[in-house]
Amino acid sequence: MRKYSLLTLFKHAREHHERWPRMWRSPAPKAAYEVVIVGGGGHGLATAYYLAKRHGVTSVAVVEKGWLGGGNTGRNTTIVRSNYLRDDAAHLYEFALKLWENLSRELNFNVMFSPRGVLSLGHSLQEMRDIERRVHANRLNGIDGEMLTAREVQAKVPLLNCSPEARYPVLGASWQPRGGVARHDAVAWGYARAADALGVDLLQHTEVRGIRIENGAAVGVETNRGFIGAGKVACAVAGHSGVLAAMAGLRLPIESRPLQALVSEPLKPCLDTVVMSNAVHCYISQSDKGDLVIGAGADSYNGYGQRGSLPVVEHALQAVCELFPAFSRVRMNRQWGGIVDVCPDACPIIGKTPVDGLYFNCGWGTGGFKATPGSGAVFADTLAHDRPHPLAAPFSLNRFHSGALIDEHGAAGVAH
Ligand code: FAD
Ligand code: PYC
């Protein structure tokens, strides 16, 4: 093996840090684009990428008021799974999971997708019945899933307190082996770099302040950098969906709520799956860096602040200590919040609005990270063909008029 002196290593590291190529351009806005996507989170960036890659639509701008991936995409606990109860939702999330499985290769960017399995614990007979129903429904849809006994759960997660004396004893769990976690920033960066390479303009620090509508159709967006014309305006702004909709005179059935997460100091590897518990209520995994990544329920009030209240975080940590007594002395490093966009049926809205040329992809609430590739692919298809992609059709805004809601509160895994 070649040996390097410390000085050589230092010089090498410095040089490479100084000469990193930019991953995407920073262009000035053009006067107009075929499609303007508002929101540079994972969903907006994935939509831009698939528009260019699969549909040859390259006159596209992604308009982001902050930095790419700085919203919920860069703030979430990165759990990826497809074990939803209803057929329509299960098909959509499974489509996304299949894209995750090849995403690093597709983007030539390591998104660190780690299919380490997701456990959903059952702590009561009713919860076990609900979990089992979901596993059966998943298997009928060709989605992997198994029921585990408490003993099998204990064997998978030795640190978990499976004592029958616990306040809410672990009775068993569902297990989706193909689920797991991914590196959230990398997903945004990978899509951004690939979209830029295909000619998409990524406009950061560009805030949409108005949607210009002429003769009942959206014709562009007013921004802090001037007016940008658009053949189609596609909003993927998560917690700000209500704000953008109001700019077009629309009201969406969406509530914006804070959802918090926190990470601990790094530990040696001790947890190699994702554990979710609805009853005690927390979800936890260990990042490749060693931090425990922890989350809980949404704060119960509406708001646009990217922070939440202390009781929710305290409650999550009580749950972690109850499930994992060995973690009770672990120190927490950081806490933050995102703004999640929650629909009454805990399912997204994808597609057209009553305003011609204006489309929304929103309402993913507490669970849209896992959907990122699938959401981008079906939204791009919907925009390119001006009709809903078959997987997106059940998730139209119209379901709130027809009553065809798709209740996924049980599978959401997050109290809200
Ligand atoms: P975002 O990433 O929020 O992107 C929207 C972008 O729009 C933002 O960057 C914002 O700055 C921009 N924007 C807003 N208004 C404007 C404007 N006027 N002009 C220009 N730009 C604008 N999901 C899972 O599947 N698994 C999880 O484990 C999970 N955990 C979560 C934990 C937390 C704490 C949070 C907050 C969310 C979690 N989620 C999870 C949900 C998931 O993060 C989101 O559903 C998903 O990331 C939404 O992606 P997005 O691209 O639609 O939104
Ligand atoms: O949707 O799996 C999920 C999830 C876990 C934590 C937040 N959302």
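Below, all heavy atoms of this structure are taken into account, side chains as well, without hydrogens, waters or symmetry copies. Counting convention: from 1, in listed order, for ligands and their atoms alike.
Close N/O approach between Ile339 and ligand 1 is not found [any backbone or side-chain N/O within under 3.5 Å]. Backbone and side-chain nitrogen or oxygen atoms of Ile79 are examined, and one is located within less than 3.5 angstrom of a nitrogen or oxygen of ligand 1. An N or O contact shorter than 3.5 Å links Thr366 to ligand 2 by distance. Considering both main-chain and side-chain atoms, Thr77 comes within under 3.5 Å of ligand 1 through a nitrogen or oxygen pair. Close N/O approach between Trp67 and ligand 1 is not found [any backbone or side-chain N/O within under 3.5 Å]. Below 3.5 Å of separation, one finds no N or O of Trp336 facing any N or O of ligand 1. An N or O contact shorter than 3.5 Å is missing between Leu259 and ligand 1 by distance. For ligand 1, the polar-atom distance check finds no N/O of Ala261 at less than 3.5 Å from any of the ligand's N/O atoms. Taking only nitrogen or oxygen atoms, main chain and side chain alike, Glu207 does not reach within less than 3.5 Å of ligand 1.
Remark: ligand 2 atoms within the under-4.0 Å shell around heavy atoms of Val414 are 4 (C), 6 (C), 7 (C), 8 (N). Listed by atom number, the atoms of ligand 1 under 4.0 Å from Ala238 heavy atoms are 3 (O), 52 (O), 53 (O). If you number the atoms of ligand 1 from 1 as listed, the ones under 4.0 Å from a heavy atom of Gly365 come out as 41 (C), 45 (O). For ligand 1, the atoms lying closer than 4.0 Å to a non-hydrogen atom of Trp364 are 45 (O). With ligand atoms numbered from 1 in the order given, ligand 2 contributes 1 (O) to contacts under 4.0 Å with heavy atoms of Gly367. Remark: ligand 1 atoms within the under-4.0 Å shell around heavy atoms of His240 are 14 (C), 15 (N). Residue-ligand proximity, Thr206 to ligand 1, at heavy-atom distances under 4.0 Å covers atoms 20 (C). Close contacts between ligand 2 and Ala412 involve ligand atoms 1 (O), 3 (C) [criterion: under 4.0 Å to a heavy atom]. Remark: ligand 1 atoms within the under-4.0 Å shell around heavy atoms of Gly39 are 6 (C), 7 (O), 12 (C). Under a 4.0 Å criterion applied to the non-hydrogen atoms of Thr77, ligand 2 contributes the atoms 6 (C), 7 (C).
Crowding of Arg225 atom CZ: a count of heavy atoms from other residues, nucleotides or ligands under 6.0 Å exceeding 12. Residue Tyr168 places its OH atom among 12 or fewer non-hydrogen atoms of other residues, nucleotides or ligands, all under 6.0 Å distant. Residue Arg22 qualifies as open at atom CZ: its count of foreign heavy atoms under 6.0 Å is 12 or below.
No donor-acceptor contact under 3.5 angstrom links the side chains of Tyr283 and Asn278, judged on distance only.
Of the candidates Glu152, Arg151, Gln154, Cys162 forms a side chain to side chain contact (heavy atoms under 4.5 Å, CB included) with just one, namely Gln154.
For atom 25 (O) of ligand 1, the closest non-hydrogen atom on the protein side is Lys370 N, 2.8 Å. In this structure, atom 1 (O) of ligand 2 lies nearest to the protein heavy atom Lys370 NZ, 2.4 Å.
Looking at Ala236, Ser375, Pro258, Gly71, it is Ala236 that brings a heavy atom closest to atom 5 (C) of ligand 1. When Val208, Val63, Asn76 are ranked by how near their heavy atoms come to atom 31 (C) of ligand 1, first place goes to Asn76. Atom 36 (C) of ligand 1 has its nearest heavy-atom neighbour, among Ala371, Pro348, Gly367, Gly338, in Gly338.
Here Thr372 has no heavy atoms under 4.0 Å from ligand 1, in either its backbone or its side chain. Under 4.0 angstrom from ligand 1, there are no non-hydrogen atoms of Val414. The backbone of Gln260, and not its side chain, has at least one atom closer than 4.0 Å to an atom of ligand 1 (non-hydrogen atoms only; backbone = N, CA, C, O). With a heavy-atom cut-off of 4.0 Å, Val38 touches ligand 1 through its side chain alone.
Using a non-hydrogen distance threshold of 4.0 Å, Gly368 does not register as a contact of ligand 2.
For Phe379 and Tyr50, the ring centers sit 6.0 Å or farther from each other.
Between Arg54 and Asp381, no side-chain nitrogen of the basic residue sits less than 4.0 Å from a carboxylate oxygen of the acidic one, so the salt-bridge criterion is not met.
Relative ring orientation between Trp100 and Phe369 is described as tilted, the plane-to-plane angle lying within the 30° to 60° band.
Put simply, CD on Gln286 and CG on Leu267 are 5.5 Å apart, with the number rounded to the nearest 0.5 Å.
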